[in-house]
Amino acid sequence: MARHLITSALPYINGVKHLGNLVGSMLPADVYARYLRSAGHEVLAICATDEHGTPAELGALAEDMDVAEYCARHHETQRELGERFGLSWDWFGRTSSPQNHELTAHLARRLKAEGYTETRTTSQVYSVADGRFLPDRYVIGTCPNCGYDRARGDQCENCGKQLDPTDLLEPRSALSGSTELEVRDSAHVFLLQSKLADRLRKWVDSKSDWPNLTRSIAYKWLDEGLEDRGITRDLSWGIPVDPDDFPEAAGKVWYVWFDAPIGYLGATREWADAGLGGDDPRAAFDRWWRTGAGADEVTYTQFMGKDNVPFHTLSFPATLLGSGEDWLLVDRLKSFNWLTYYGGKFSTSEGRGVFMSDALELLPGDYWRWYLMANAPESDDASFTWELFGDAVNKDLVGTFGNFVNRTATQVVRHFGEVVPDGDPDGAAEDLLWERVGERLRDYTDALDQLQFRRSAAALRALWAEGNVYLEEREPWRVVKEDPGGAACILRNALRLALLHAVASEPFVPEASRRLAEAFPDAAHTGFTLDATLVDDARGSLAPGDRFSPPGLLFTKLSSEDLAAWEDRFGGGDDLGR
RNA sequence: GGCGGCGUAGCUCAGUUGGUGAGAGCGCUCGGCUCAUAAUCGAGAGGUCGUCGGUUCGAGUCCGACCGCCGCUACCA
């Protein structure tokens with residue numbers, strides 16, 4: 001038994017997340033967490049909403065709400081949606097929690113004490129009409145390079161030229177359209193990443209097991225030279241800078257990207273303070289995060305989209321390393337490419353794509369979990385299409401997994417009643433079956449150990465298919481007419497395999513797995529672990545005469561009418577002009 | 001502009017450090033079965049691995065150029 005800390009990139013508070021966000025971090029983190037728990041390990045799965053920054057303030061403004069209330073409401077929405085998707089985090093916290101405030105202030109103080117911060121004065125665009133400083137991209141105007149009249153202050157989307165807000169001709173606020181803009185000086189705290197670059201590179205060098213994508217992104221930033229980074233902002237919503245520590249930056253807040261990853265710590269502290277780690281919250285927290293207090297035995301795995309990699313390989317480690325304290329750094333980092341909608345971007349503004357709330361309106365979480373993980377964008381961007389979704393559901397869940405369980409259940413009940421059949425002892429065909437099952441199971445757990453989700457889904461599908469292959473080979477429907485004892489043996493083994501499926505499938509389709517496991521009220525499957533021992537455990541379970549209550553259909557088939565209607569509702573390939 | 005990634009069967013994608021006849025799932029064709037949500041099982045067809053050139057005894061796998069798509073470029077998060 002090992003100890004595993006798992007975090008997924010924090011979903012931003014600004015609205016319901018789409019399926020791309022889900023499959024890029026939260027869902028694979030959950031599959032992995034469930035797998036490790038099922039394999040008998042101690043797991044702490046942490047997530048939280050990322051609540052600070054300009055978009056949160058603007059979102060609250062748009063909904064005519066106090067920003068704290070706005071965040072509280074959206075946090076609850078995201079929590080509820082996550083839970084309905086079966087996300088089994090041990091704690092779903094908030095970066096706006098008191099715990100995160102304290103930790104952020106603490107780390108900033110430590111960085112200063114270690115000499116890794118510096119105050120610098122920068123020029124910022126201030127909008128008088130809006131009464132606030134504007135981030136570069138919230139200033140729009142005419143591009144001096146190509147004349148595009150809606151260029152953003154950081155880059156012109158038309159010609160691609162990088163810009164400074166002051167380069168723009170006829171600049172105006174993206175919020176109000178006001179042209180009453182001023183350039184004002186503002187003092188900000190900078191994190192001296194340049195001074196930490198060598199330590200960071202050495203640390204990245206040691207992570208030889210990281211995927212190519214991850215390492216190449218980290219090295220790219222290191223090779224170009226890590227720049228010092230402003231870690232405060234002129235906003236009202238955020239974690240306030242402690243004026244005792246940084247008097248020059250009093251009245252400002254920490255940059256959202258500084259406090260967001262600290263949210264992993266903050267959320268863990270929330271979990272500990274809630275008493276979920278034992279009576280001593282301090283110790284409960286420390287044994288997961290402080291290497292001097294037991295966290296050196298923890299394997300820490302992070303999940304995120306590829307856009308987040310620099311922050312997790314460089315910025316956040318810089319914060320932790322620079323503190324001079326013994327914080328646990330990430331061991332394994334799994335990053336994902338983008339899930340696209342028919343090859344195009346998921347887009348809120350254009351109303352294209354499927355969001356978590358939409359998805360659950362149509363079908364339970366298991367359906368989406370399976371499709372998304374079996375087609376996860378691991379090595380490249382991957383397309384969502386309704387056709388593929390329909391195939392994954394109808395072919396894999398209904399046709400292979402559900403059908404094996406159902407055809408087995410039907411025959412058992414018809415010929416032997418709602419009990420595990422007695423009959424002949426196992427023969428050579430059964431030895432062969434369980435040998436094949438063992439191989440498939442090994443493929444499956446190997447892939448999960450390596451964080452290869454598409455491969456593990458394919459292995460699980462193959463494991464399900466072994467059930468149908470076995471039935472086709474042994475033909476209990478034919479055997480039962482001449483040899484009821486032989487048929488009983490076949491169906492008994494089929495039931496045991498179904499029980500194995502219930503345990504093995506849990507990381508991907510937890511709800512269906514639970515229903516299936518409940519069909520065997522006398523089985524000791526709660527003690528089974530998802531590893532190589534599962535084969536013998538399953539084969540040795542279910543004594544003749546044990547109760548069996550048919551679970552009914554585990555999954556419902558999707559009609560072509562359903563799929564066509566959904567494609568129509570959400571926009572399909574035809575709308576993309578490709 | 002700079003950097004990075006991708007381009008492999010109709011579709012979505014795998015292909016460790018270059019090496020026996022290039023793979024999976026779906027779709028398609030044919031066959032078996034009829035217990036099962038017209039589900040399932042088996043067999044088969046289908047690809048000059050984006051283009052051109054190079055290195056090598058040998059390249060989808062390495063190098064160069066080109067074409068196409070995508071992403072990043074540090075104040076969106």
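Residue numbering restarts at 1 for every chain, and letters A, B, ... go by the order of the sequence lines.
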Pairing string of RNA chain B (Watson-Crick or G-U wobble, both atom distances under 3.5 Å; | = paired to other strand) is (((((((..((((.....[...)))).(((((.......))))).....(((((..]....))))))))))))....
Integer angstrom distance from the [atom1] of [N] to that of [M]:
N: B:rU12; M: B:rC52; atom1: C1'; value: 29 Å
N: B:rG10; M: B:rA45; atom1: C1'; value: 13 Å
N: B:rG58; M: B:rG19; atom1: C1'; value: 7 Å
N: B:rC28; M: B:rA65; atom1: C1'; value: 39 Å
N: B:rC57; M: B:rG18; atom1: C1'; value: 13 Å
N: B:rG60; M: B:rU48; atom1: P; value: 13 Å

Tell me what A:F404 touches on the nucleic acid: a base, only sugar-phosphate, or nothing, going by heavy atoms under 4.0 Å. nothing
Base, sugar-phosphate, or nothing for A:L554, non-hydrogen atoms under 4.0 angstrom? base
Side chain to side chain contact (heavy atoms under 4.5 Å, CB included) partners for A:L553, two or more places apart: A:N406
Under 3.5 Å, which protein N or O atoms sit close to an N or O of nucleotides 30-36 of chain B? Give each pair with its distance.
| residue | atom | partner | partner atom | Å |
| --- | --- | --- | --- | --- |
| B:rG32 | N2 | A:E472 | OE1 | 3.0 |
| B:rC33 | O2' | A:W477 | NE1 | 3.3 |
| B:rC35 | O3' | A:R414 | NH1 | 3.3 |
| B:rC35 | O2 | A:R407 | NE | 3.1 |
| B:rC35 | O2 | A:Q411 | NE2 | 2.9 |
| B:rC35 | N3 | A:R407 | NE | 3.3 |
| B:rC35 | N3 | A:R407 | NH2 | 2.5 |
| B:rC35 | N4 | A:R407 | NH2 | 2.8 |
| B:rA36 | OP1 | A:R414 | NH2 | 3.2 |
| B:rA36 | O3' | A:N406 | OD1 | 3.1 |
| B:rA36 | O2' | A:N403 | ND2 | 2.6 |
| B:rA36 | O2' | A:N406 | OD1 | 3.2 |
| B:rA36 | N1 | A:R407 | NH2 | 3.3 |
| B:rA36 | N3 | A:N403 | OD1 | 3.2 |
| B:rA36 | N3 | A:R407 | NE | 3.1 |

side-chain contact (heavy atoms from CB on, under 4.5 Å) partner of A:L397, the single match among A:Y371, A:F555, A:F508: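 One option only clears the test, and that one is A:F555.
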Is there a ring-ring contact (aromatic ring centres under 6.0 Å, His included) between A:Y341 and A:F384? Walk through the geometry before answering. CA-CA 5 Å; A:Y341 191 73; A:F384 174 93; 5.7 Å; yes
May I ask you to decide if the ring planes of [X] and [Y] are parallel, tilted or perpendicular, using 30° and 60° as cut-offs?
X: A:W368; Y: A:W386; result: perpendicular
X: A:F133; Y: A:Y126; result: perpendicular
X: A:Y70; Y: A:H74; result: tilted

Go through the steps to decide whether A:H501 and A:F404 satisfy the test ring-ring contact (aromatic ring centres under 6.0 Å, His included), and finish with yes or no. CA-CA 10 Å; A:H501 285 164; A:F404 166 63; 5.4 Å; yes
Verify whether the ring centers belonging to A:W338 and A:F336 lie closer than 6.0 Å. no
Does A:T7 offer a backbone N or O that forms a donor-acceptor pair with the side chain of A:Q302 under 3.5 Å? no
Is it true that A:E57 and A:R132 have a side-chain N and a carboxylate O under 4.0 angstrom from each other? yes
Could you pull out the protein-nucleic contacts involving nucleotides 23-29 of chain B (nitrogen or oxygen on both sides, under 3.5 Å)?
| residue | atom | partner | partner atom | Å |
| --- | --- | --- | --- | --- |
| B:rC26 | O2' | A:D391 | OD2 | 2.4 |

Identify each atom pair where a protein N or O and an N or O of nucleotides 74-77 of chain B are less than 3.5 Å apart, giving names and distance.
| residue | atom | partner | partner atom | Å |
| --- | --- | --- | --- | --- |
| B:rA74 | OP2 | A:Q162 | OE1 | 3.1 |
| B:rA74 | N6 | A:G225 | O | 2.9 |
| B:rA74 | N1 | A:E227 | N | 3.3 |
| B:rC75 | OP2 | A:R229 | NH2 | 3.3 |
| B:rC75 | O4' | A:R233 | NH2 | 3.3 |
| B:rC75 | O2' | A:D136 | OD1 | 3.4 |
| B:rC75 | O2' | A:D136 | OD2 | 2.5 |
| B:rC75 | N3 | A:Q124 | OE1 | 2.5 |
| B:rC75 | N4 | A:Q124 | OE1 | 2.9 |
| B:rC76 | OP2 | A:R137 | NE | 2.7 |
| B:rC76 | OP2 | A:D154 | OD2 | 3.3 |
| B:rC76 | O4' | A:R137 | NE | 3.2 |
| B:rA77 | OP2 | A:Y255 | OH | 3.1 |
| B:rA77 | O3' | A:D50 | OD2 | 2.8 |
| B:rA77 | N7 | A:W257 | NE1 | 3.2 |

The test is salt bridge (Lys or Arg N to Asp or Glu O under 4.0 Å); show your working for A:R184 and A:D234 and say whether it passes. CA-CA 11 Å; A:R184 294 188 182 179; A:D234 288 292; over 6 Å; no
If we check salt bridge (Lys or Arg N to Asp or Glu O under 4.0 Å) with A:E378, which of these qualifies: A:R455, A:R454, A:K334?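 Output: one option passes, namely A:K334.
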Please report, to 0.1 Å, the donor-acceptor pairs under 3.5 Å made by any side chain of residues 458-471 of chain A, with sequence neighbours excluded.
| residue | atom | partner | partner atom | Å |
| --- | --- | --- | --- | --- |
| A:R461 | NH1 | A:D396 | OD2 | 3.2 |
| A:W464 | NE1 | A:S505 | OG | 3.0 |
| A:E466 | OE1 | A:R436 | NE | 2.7 |
| A:E466 | OE1 | A:R436 | NH2 | 3.4 |
| A:E466 | OE2 | A:R440 | NE | 3.0 |
| A:E466 | OE2 | A:R440 | NH2 | 3.4 |
| A:N468 | OD1 | A:R407 | NH1 | 2.9 |
| A:N468 | ND2 | A:T400 | O | 3.1 |
| A:Y470 | OH | A:E430 | OE2 | 2.5 |

